[in-house]
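Written below as structure tokens is the structure these notes are about.
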Amino acid sequence: MSMLDILEQIPIGFLEADATHLCDILQKPTLIHLEGRRKEPLFVSILLHGNEITGLHALQALLKKYEQQELPRSLSIFVGNIYAAEHGQRHLPDQPDYNRVWPGGEAPTSPETDMMQSVVNEMQQRNVFASIDVHNNTGINPHYACVNVLDDRFFHLATLFSRTVVYFTKPTGVQSSAFAKLCPAVTIECGKVGQQYADNHAMEFIDAALHLSEIPTHGFPEHDIDLFHTIAIVKVPIDASFSFDEKNTDICFDDDLDYMNFRELEKGTRMGRLCGSQSQRLEAWDNQGRDVGDDIFSYEHQEITIRKPVMPSMLTLNENVIRQDCLCYLMERYKIG
Ligand SMILES: [Zn+2]
């Protein structure tokens, strides 16, 4: 039996529902097709991570705006992990991460990988126009868009949201990477949850994308974009204990780490110190799957410092996110053209 429901209208109660109560309105993860003036649909996915609710709020506001008027373009909405949303979690302990199971990824076949494949197939048949995947993060970060290919059409779409754009190829199995095979596709990172400004920003971006008659295929001006390339994912080893509050754990991070996001850190910048066994080391996995942690971090006198200039993103103080995802990503500036 399919994990996915497909609807052709907005379900009753959807526009008012709290993320924790979507399970009362939807039976399953649900793809909703709504018709608009231009036929090729804009695809928007929300709640791939159940605790990241800005996308739901943005779509609720957008659909209310169009209750009495025609959508400028058809809109297909995928409401993802409603089960985790009920509990305010990224994903439940027995579930895969819903943004690591899309076609092209390395996740083992599961009901979730089958579901994402059917969503992609369905949108391919409908000749999808562009794709937007809406996320939040937990540390202090600017709003930014992510792309998985270097292509002027993608830059045009991404910079409608923010001039800060991150290009990444790892992790795999993400929504925007699967849709990049079909149309311009971006992930938008809308900062922390619970900010009205973020809900409005995401809503205005989706509305702007709905109004595009086409996406220019060339000539993106370099001075209109701050483009960064993710070069490594930093993880805490599974068997290492860590904290932000000076408990006697293997790794004691400084408690203001997330202020470093999107800052160019100089050599010698401190991130914390080794306590406990003093033998644990941070992992930094590069795009070739090698651990280059020892090239990046130094542990002299038990102090964890940066060995060479880097720029982190998504540094977080949230211990669950660090365990389920990572401590941060490391980036470098990227020149286009
Ligand atoms: Zn997310």
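Numbering of ligands and ligand atoms starts at 1, following listing order. These numbers were taken from a predicted model, which means no experiment stands behind them. Position 1 is the first residue of the sequence, and the numbers go up from there.
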Partner of Asn99 by side chain to side chain contact (heavy atoms under 4.5 Å, CB included), out of Met116, Glu52, His49, His91: His49
For Ala145, all residues meeting side-chain contact (heavy atoms from CB on, under 4.5 Å), sequence neighbours excluded: Ala158, Phe161, Ile188
Asp224 versus Thr159, side-chain donor and acceptor atoms under 3.5 Å: no
Residues in side chain to side chain donor-acceptor pair (under 3.5 Å) contact with His33, at least two apart in sequence or another chain: Ser76, Glu122, Arg126
Residue pairs fulfilling salt bridge (charged side-chain N to carboxylate O under 4.0 Å, His left out) with at least one residue in residues 140-167, sequence neighbours excluded: Asp151-Arg153, Arg163-Asp226
Atoms named by residue and atom, protein N, O or S, within reach of the Zn ion (ligand 1) (under 2.8 Å): His49 ND1, Glu52 OE1, Glu52 OE2, His135 ND1
Step-by-step ring-ring contact (aromatic ring centres under 6.0 Å, His included) determination, Tyr144 to Phe262: CA-CA 10 Å; Tyr144 61 96; Phe262 285 85; 4.8 Å; yes
